[in-house]
Colleague: 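Attaching a single structure in structure tokens format; questions to follow.
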Amino acid sequence: LPLSFKLYDNEGKEVDNLMSGASFPKAKEAFPDALTNSELVSKITETLEKKGYDKETSLVATSLCCDEVNRPLESDLREIYDTNFNMGGLAGFPFGGATSFGAMAAHIPDGGSCLVVYGPHVGVDSTGAVGTVERRGRANGGSCCGSAVAASGYVGSVFKGDAEEAALPEDALDAQQYFVGSMLMPYAERLDAAEEKMKELPYALYDAQTELMGRIVEKSGGAVADGTTAVLGGIQINTPPGYSDYFLPLSFKLYDNEGKEVDNLMSGASFPKAKEAFPDALTNSELVSKITETLEKKGYDKETSLVATSLCCDEVNRPLESDLREIYDTNFNMGGLAGFPFGGATSFGAMAAHIPDGGSCLVVYGPHVGVDSTGAVGTVERRGRANGGSCCGSAVAASGYVGSVFKGDAEEAALPEDALDAQQYFVGSMLMPYAERLDAAEEKMKELPYALYDAQTELMGRIVEKSGGAVADGTTAVLGGIQINTPPGYSDYFLPLSFKL
């Protein structure tokens, strides 16, 4: 891993940095899914070429902070798309607004389309500290982004009651900084609660900028005469001189010339906040690759293997089943509420009778939990709904019931005599042994899926013990873990916790 490559003259003075544009590992440590500028530009061009974008007739508009450290990305984009229109101001907000978008649209070559790239920026210095960076020719670096850090300080002071909100400016003297602060204000509580405030700050700024950019495109998107508008949003990561900057893509959407979203170009993209909450989780595609690689070594053949899943009935859990079906053709469904294998020993026996001759089976089970766009665990945005909700709803309801019984505020429910709501009863009763553990947990929504996993593992073990002999010729691989659901447009994740044959 090359980390430095410098040229010195015959007096021992450094005269050149031969590592210009080199990777900077500390940026990846802070933001694991970030891409170097060159990787980002390659991804952009590859994606947009598939959507009919031509380099000769496309125009790039950027909304990046005026700080000079942000120009390299614009230079890299210009190498492909010739030039760029600049909508951005302090902290990366698109202060050119709807008017600048309309002006840009009028400059698109005939028959062409436009790409908008926006986002806040944050520095990562040579020590790995986030929120600062070394600068060319200066002995000491400084805040990065300075405007954002200042706005964060102002917002924090207002939130704590140490300062009054600033008055609406009557002239342009420092209006941009006022609006940076006012648009960051709704995120004051989130920033105050963040353990790593300098890492959370660019995410809050991204959310604020996304809201503004959405309104700009909605109002002025129709000014694009013939083509489409691709809007890429994320976080720029500035590094010390001599290294490549990075960009963490967080959204990439395509709009028609009426300003309506027609495609999500980030479908299946990584979602960093899921990894922050569950660091060892894998994307669905990474998981499926690991499964197939592991089972091939054990003699599993895709043509003669059958997958059985025990995942919650919530529709957000179907993508993993779809990904598994792409390899193994189809799947048997053992699961019910919260992911418990309510099909039981009978369903396992039925599944075993469906395994192709001479084949084996793979069982994938586990509870699920949402991580929403703010990083909150236990909730997730859902398609077409203004507000998301609990994820997993069954699990959260069972946890509330178990907690009430544990504290003496409620009696244990009676054993159900019919099937009307028997599954939810059993979710609660199988979670009951973990009541004290859940009550003591500092982060209850993060602990809940682990408790559910343990409860499901006990039940799955008894099912395999009772019915495993129904697999005639082959073996049974049982993978257990926690599904992690993410906002629409991103890949879901899975945290493997056991994999037994």
Side-chain angles (χ1 to χ4, degrees), residues 40 44 58-78 81 83-108 113-122 144-148 150-152 155 168-169 172 174-187 201-224 227-238 245 247-255 257-261 265-266 373:
L40 177 74
I44 290 171
S58 298
L59 179 60
V60 174
T62 58
S63 182
L64 307 174
C65 181
C66 40
D67 189 326
E68 73 280 355
V69 295
N70 298 311
R71 302 292 74 80
L73 178 55
E74 291 175 336
S75 296
D76 292 339
L77 288 165
R78 286 197 297 267
Y81 296 106
T83 190
N84 73 281
F85 187 101
N86 184 5
M87 295 174 63
L90 288 176
F93 279 89
F95 282 118
T99 296
S100 72
F101 188 99
M104 177 274 298
H107 305 168
I108 298 171
S113 295
C114 66
L115 162 67
V116 180
V117 180
Y118 75 93
H121 71 115
V122 64
C144 183
C145 164
S147 166
S152 175
V155 164
L168 191 69
D174 212 14
Q176 281 196 5
Q177 186 61 21
Y178 164 83
F179 284 114
V180 174
S182 67
M183 286 187 280
L184 190 60
M185 193 64 72
Y187 306 93
L201 178 56
Y203 285 102
L205 288 162
Y206 162 79
D207 289 342
Q209 292 176 22
T210 297
E211 190 277 335
L212 179 58
M213 184 63 78
R215 289 193 287 129
I216 289 171
V217 174
E218 183 179 8
K219 181 174 182 178
S220 298
V224 178
T228 56
T229 301
V231 182
L232 170 65
I235 296 170
Q236 266 195 297
I237 300 138
N238 309 117
D245 284 345
F247 191 94
L248 176 62
L250 294 174
S251 60
F252 197 8
K253 297 181 179 182
L254 192 68
Y255 297 83
N257 60 359
E258 295 181 355
K260 295 178 181 176
E261 183 181 335
L265 304 178
M266 280 274 285
S373 59

Colleague: Tell me, do Tyr255 and Val224 make a side-chain contact under 4.5 Å, heavy atoms counted?
Modeller: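 With C-beta onward as the side chain, the pair stays apart.
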Colleague: Name all residues meeting the ring-ring contact (aromatic ring centres under 6.0 Å, His included) criterion together with Phe85; count only those two or more places apart in sequence or in a different chain, and write none if there are none.
Modeller: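 Phe85: ring-ring contact (aromatic ring centres under 6.0 Å, His included) contacts with His107.
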Colleague: Of all residues at least two apart in sequence or in a different chain, which pass the salt bridge (Lys or Arg N to Asp or Glu O under 4.0 Å) check with Arg78?
Modeller: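 With neighbours one apart ignored, the set is empty.
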Colleague: Do the charged groups of Arg71 and Glu74 touch, with an N to O distance under 4.0 Å?
Modeller: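 Counted as a salt bridge, because a side-chain N and a carboxylate O are separated by less than 4.0 Å.
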Colleague: Suppose we screen for side-chain hydrogen bond (donor to acceptor under 3.5 Å, both in side chains). Which residues come up paired with Ser220, at least two apart in sequence or across chains?
Modeller: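 Residues passing side-chain hydrogen bond (donor to acceptor under 3.5 Å, both in side chains) with Ser220: none at all.
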Colleague: For residues Leu212 and Met183, report the shortest heavy-atom separation together with the two atoms involved.
Modeller: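 Smallest heavy-atom distance, with atoms named: CD2-SD, 4.0 Å.
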Colleague: Is the shortest side-chain heavy-atom distance between Leu248 and Tyr203 below 4.5 Å?
Modeller: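 Sidechains of Tyr203 and Leu248: in contact.
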Colleague: Counting heavy atoms not belonging to Gln177, are there more than 12 under 6.0 Å from its CD?
Modeller: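 Above 12, so yes.
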Colleague: For Pro169, enumerate each residue passing the side chain to side chain contact (heavy atoms under 4.5 Å, CB included) test, keeping only those at least two apart in sequence or located in another chain.
Modeller: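 Pro169: side chain to side chain contact (heavy atoms under 4.5 Å, CB included) contacts with Ala175, Tyr178.
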Colleague: Looking at CG of Asn84 and CG of Leu77, how far apart are the two atoms once the value is rounded to the nearest 0.5 Å?
Modeller: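 Reported value, rounded in 0.5 Å steps: 7.5 Å.
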Colleague: Using ring-ring contact (aromatic ring centres under 6.0 Å, His included) as the criterion, list what pairs up with Phe101, not counting sequence neighbours.
Modeller: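 Counting only residues at least two positions away or on another chain, Phe101 forms no ring-ring contact (aromatic ring centres under 6.0 Å, His included).
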Colleague: Quick one: CG on Leu40 to CG on Leu232, what's the gap to the nearest 0.5 Å?
Modeller: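 The CG atom of Leu232 is 6.0 Å from CG of Leu40, to the nearest 0.5 Å.
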Colleague: Can you tell me how far CG of Leu64 sits from OH of Tyr118, rounded to the nearest 0.5 angstrom?
Modeller: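 Rounded to the nearest 0.5 Å, the OH-CG separation comes out at 11.5 Å.
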Colleague: Quick check: closest heavy atoms across Ala204 and Leu184, and the distance to 0.1 Å?
Modeller: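 Closest pair (atom of Ala204, atom of Leu184, distance): CB-CD1, 4.0 Å.
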Colleague: Looking at CE of Met104 and CG of Leu59, how far apart are the two atoms once the value is rounded to the nearest 0.5 Å?
Modeller: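 The distance works out to 6.5 Å.
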Colleague: Minimum heavy-atom separation for Val180 and Leu90, please, with both atom names.
Modeller: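 The answer is CG2-O, 3.8 Å.
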Colleague: Kindly give the heavy-atom pair with the smallest separation between Gly97 and Met87, and that separation in Å.
Modeller: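 Nearest pair, atom of Gly97 first, then Met87: O-CE, 4.0 Å.
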Colleague: Test of understanding: with salt bridge (Lys or Arg N to Asp or Glu O under 4.0 Å), list the residues that count as partners of Asp67, not counting sequence neighbours.
Modeller: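 So Asp67 forms a salt bridge (Lys or Arg N to Asp or Glu O under 4.0 Å) with Arg135.
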Colleague: Looking at every non-hydrogen atom in both residues, tell me the closest pair between Met213 and Val231 and how far apart they are.
Modeller: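 Result for this residue pair: CG-CG1, 4.1 Å.
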Colleague: Going by the rule side-chain hydrogen bond (donor to acceptor under 3.5 Å, both in side chains), which residues pair with Thr229 if we only count those two or more places apart in sequence or in a different chain?
Modeller: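 Checked Thr229 against side-chain hydrogen bond (donor to acceptor under 3.5 Å, both in side chains); zero matches.
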Colleague: Return the minimal non-hydrogen interatomic distance between Cys65 and Cys145, and the atom names on each side.
Modeller: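 Heavy atoms only, the tightest pair is SG-SG, 4.1 Å.
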Colleague: Taking only residues two or more places apart in sequence, or in another chain, which ones meet Lys219 in a salt bridge (Lys or Arg N to Asp or Glu O under 4.0 Å)?
Modeller: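 Partners of Lys219 under the salt bridge (Lys or Arg N to Asp or Glu O under 4.0 Å) test: none.
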Colleague: Using only atom types and a distance under 3.5 Å, with no angle test, would you say the side chain of Arg215 pairs donor to acceptor with the backbone of Thr210?
Modeller: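 No, Arg215 side chain to Thr210 backbone: no donor-acceptor pair under 3.5 Å.
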Colleague: Can you list the residues that meet the side-chain hydrogen bond (donor to acceptor under 3.5 Å, both in side chains) rule with Tyr206, with sequence neighbours excluded?
Modeller: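 So Tyr206 forms a side-chain hydrogen bond (donor to acceptor under 3.5 Å, both in side chains) with Ser251.
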Colleague: Would you check if Phe95 and Phe179 make a side-chain contact, meaning some heavy-atom pair closer than 4.5 Å?
Modeller: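 A side-chain contact exists here, since the closest heavy-atom pair is under 4.5 Å.
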Colleague: Going from CG on Leu115 to OG1 on Thr228, what distance comes out if it is rounded to the nearest 0.5 angstrom?
Modeller: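 OG1 of Thr228 is found 10.0 Å from CG of Leu115.
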Colleague: For Tyr81, which residues count as a ring-ring contact (aromatic ring centres under 6.0 Å, His included) partner, sequence neighbours excluded?
Modeller: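 By the ring-ring contact (aromatic ring centres under 6.0 Å, His included) rule, Tyr81 matches no residue at all.
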Colleague: Scan residues 85-104 for pairs that pass side-chain hydrogen bond (donor to acceptor under 3.5 Å, both in side chains), counting only residues two or more places apart or in two chains.
Modeller: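 Pairs touching residues 85-104 that pass the test: none.
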Colleague: Could you walk me through whether Val122 and Leu205 pass the side chain to side chain contact (heavy atoms under 4.5 Å, CB included) check?
Modeller: CA-CA 11 Å; Val122 64; Leu205 288 162; over 6 Å; no
Colleague: According to side-chain hydrogen bond (donor to acceptor under 3.5 Å, both in side chains), who are the partners of Glu261, at least two apart in sequence or on a separate chain?
Modeller: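 side-chain hydrogen bond (donor to acceptor under 3.5 Å, both in side chains) list for Glu261, sorted by chain: empty.
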Colleague: With a 3.5 Å distance limit and no angle check, can you tell me whether Gln209 reaches the backbone of Ala91 through a side-chain donor-acceptor pair?
Modeller: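 Looks like yes, one N/O pair under 3.5 Å.
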Colleague: Out of curiosity, Leu265 CG to Lys253 NZ, how far, rounded to the nearest 0.5 Å?
Modeller: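 The NZ atom of Lys253 is 10.5 Å from CG of Leu265, to the nearest 0.5 Å.
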